[in-house]
Amino acid sequence: TSNGQFNVIRLSSHESPCMSYEQIEYMENRHGKDTNAVEVRLKGEAPDQENDTIISRNLLEQYIDFEIKEELLLDNKTIEISVDVARFGDDNTQIYVKQGNYITEQISFSKKDTMQTANRVARIVNENQDKTIYAKIDGVGVGGGVIDRLRELEFNNLYVYEIQNNAVAMDSEEYTDTITEMFFQFKEKLEKGLVSIPNDDELIEDLAGRKYVFDSKGRLKVESKDEFKKRFGRSPDKGDSFLMVWYTVYQGDIFLASY
């Protein structure tokens with residue numbers, strides 16, 4: 001305006017002819033009526049800084065050692081492994097092994113080189129030769145060496161997938177990058193009762209403490225590891241690895257893991 005002031009006009013999707021009732025209901029059911037995603041995208045409101053974490057601690061704690069309903073049990077004939085490879089001296093390499101809905105093994109270590117990390121995964125593969133195994137490995141930085149070594153071993157029952165947290169998301173219109181997609185995909189599975197979470201305070205803090213924002217295109221974006229580390233004094237390695245083991249990886253239209 002001429003006096004340098006601005007008039008802010010907010011248009012709620014509930015009042016817009018461009019949004020159907022079904023679209024609004026889908027967004028509210030997917031993200032929750034009181035979340036920032038709904039406040040910003042549907043109501044045109046500014047985000048609430050006190051409501052900027054993706055998954056509440058209360059929701060996570062409901063699924064600690066949760067017994068999955070029989071009709072929701074996933075295929076336990078395959079095994080999924082996730083590896084978040086340590087980058088710095090005070091970080092840890094985190095490995096989760098999942099069979100069906102449950103974590104069967106959790107491994108944490110520091111000061112190991114990529115060959116030792118690859119050998120630890122290879123040991124799990126050798127112990128389960130009768131099962132198909134999907135290994136999802138953080139390929140950023142030194143993780144590439146773990147991926148290369150496992151592919152060199154040419155296990156008949158092992159499929160290795162490189163996960164780049166900062167890569168373009170599969171649903172790039174909704175999420176800015178892979179780590180954001182992993183978080184929200186996991187939250188949906190959690191709310192459906194598909195997940196049993198280990199009783200681990202550090203893991204819960206990693207998952208409950210990560211914040212998100214919206215980019216200039218209105219897409220969801222999770223804060224970086226470095227931003228989390230500034231607030232908590234450590235890297236969310238367990239959280240990232242746990243999200244990976246639940247991440248749905250697909251090739252074309254064929255879903256290969258974590259249905």
Side-chain angles (χ1 to χ4, degrees), residues 55 60 63-69 72-86 92-109 117-140 143-144 146-151 153-165 167 169-170 178-200 203 206-207 236-259:
I55 309 173
L60 290 163
Y63 291 95
I64 292 176
D65 295 333
F66 183 71
E67 186 173 344
I68 308 298
K69 294 180 180 178
L72 296 177
L73 288 173
L74 302 176
D75 175 22
N76 63 2
K77 296 178 182 178
T78 61
I79 289 175
E80 296 175 54
I81 303 172
S82 63
V83 186
D84 184 77
V85 184
N92 288 327
T93 291
Q94 299 290 343
I95 300 175
Y96 281 98
V97 182
K98 182 174 77 68
Q99 192 167 354
N101 305 71
Y102 297 96
I103 299 298
T104 58
E105 190 171 0
Q106 176 182 337
I107 305 161
S108 178
F109 52 80
T117 302
N119 288 341
R120 189 66 188 84
V121 175
R123 177 180 169 184
I124 297 169
V125 177
N126 278 320
E127 291 171 350
N128 295 277
Q129 287 291 327
D130 60 329
K131 294 182 174 62
T132 300
I133 299 175
Y134 302 108
K136 292 169 274 189
I137 300 171
D138 171 19
V140 178
V146 178
I147 293 168
D148 291 342
R149 176 55 181 158
L150 287 172
R151 287 176 174 166
L153 293 173
E154 297 184 342
F155 288 106
N156 292 328
N157 63 326
L158 175 65
Y159 298 86
V160 179
Y161 296 94
E162 179 176 353
I163 304 294
Q164 296 270 356
N165 283 355
M170 293 184 289
T178 300
I179 183 61
T180 304
E181 186 168 54
M182 283 198 289
F183 247 109
F184 282 91
Q185 193 186 91
F186 172 75
K187 183 182 180 182
E188 288 186 19
K189 292 173 181 176
L190 188 66
E191 292 174 332
K192 290 177 181 177
L194 294 170
V195 181
S196 182
I197 303 175
N199 191 357
D200 182 330
L203 172 61
D206 285 359
L207 297 173
D237 302 317
K238 285 186 178 180
D240 276 15
S241 186
F242 190 73
L243 293 171
M244 263 197 294
V245 85
W246 278 98
Y247 187 43
T248 300
V249 180
Y250 71 86
Q251 181 177 342
D253 295 326
I254 302 174
F255 284 80
L256 301 174
S258 287
Y259 290 90

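Counting begins at 1 with the first residue of the sequence.
The number of heavy-atom neighbours closer than 6.0 Å to OH of Y159, taken from other residues, nucleotides and ligands shown, is 12 or below. Counting non-hydrogen atoms of neighbouring residues, nucleotides and ligands closer than 6.0 angstrom, the CD atom of E127 exceeds 12 such neighbours. In this structure, D65 places its CG atom where more than 12 heavy-atom neighbours from other residues, nucleotides or ligands lie under 6.0 Å away.
In this structure, the side chains of F183 and L243 come closer than 4.5 Å at one or more pairs of heavy atoms. In this structure, K189 and T248 have side chains that are in contact, with non-hydrogen atoms separated by less than 4.5 Å. Counting heavy atoms from C-beta outward, M170 and Q185 have side chains that approach closer than 4.5 Å. Proximity of L203 to L60: side-chain heavy atoms (C-beta onward) are nowhere separated by under 4.5 Å. In this structure, the side chains of K192 and L72 stay at 4.5 Å or more apart for every pair of heavy atoms. Using a 4.5 Å heavy-atom threshold, the side chains of V121 and I137 count as separate.
Expressed to the nearest 0.5 Å, how far NZ of K136 lies from CH2 of W246 amounts to 9.0 Å. For the atom pair L207 CG and L190 CG, the distance stands at 9.0 Å (nearest 0.5 Å). We find the CG-CG distance between L150 and D148 to be 9.0 Å, quoted to the nearest 0.5 Å. Atom CZ of F66 sits about 5.5 Å away from atom CD1 of I68, to the nearest 0.5 Å. Between D138 atom CG and D237 atom CG the span is 9.0 Å, to the nearest 0.5 Å. Note that OH of Y134 is 10.5 Å distant from CG of L158, once rounded to the nearest 0.5 Å.
The two atoms that bring L74 and N101 nearest to each other are N-OD1, 2.7 Å, heavy atoms only. Contact detail for R151 and E162: the closest heavy-atom pair is NH2-N, 4.2 Å. Here the closest non-hydrogen pair linking Q129 and N157 is CA-ND2, 3.7 Å. In plain terms, the two heavy atoms of V97 and I79 that are nearest each other are CG1-CG2, 3.6 Å. Considering all non-hydrogen atoms of both residues, R120 and F109 come closest at CG-CE2, 4.4 Å. The minimum heavy-atom distance linking A118 with R149 is given by the pair CB-CG, 3.5 Å.
Counting only N and O atoms by type, the side chains of T78 and T132 include no donor and acceptor under 3.5 Å apart. Side-chain atoms of Y247 and E80 include no donor-acceptor pair closer than 3.5 Å. Side-chain polar atoms of D200 and Q106 form a donor-acceptor pair below 3.5 angstrom.
Although no hydrogens or angles enter the test, the distance criterion places no donor-acceptor pair under 3.5 Å between the side chain of K131 and the main chain of K77. A donor-acceptor pair under 3.5 Å is absent between the side-chain atoms of N92 and the main chain of Q94, judged by distance alone. Between the side chain of T117 and the backbone N or O of V146, no donor-acceptor pair lies under 3.5 Å. The main-chain N or O of Y102 is never found under 3.5 Å from a side-chain atom of S196 such that the two would form a donor-acceptor pair.
Judged as a side chain to side chain donor-acceptor pair (under 3.5 Å), and not counting sequence neighbours, the contacts of N165 are D240.
Between F242 and F186, the ring planes are perpendicular. Angles over 60° get that label, and only those under 30° would be called parallel.
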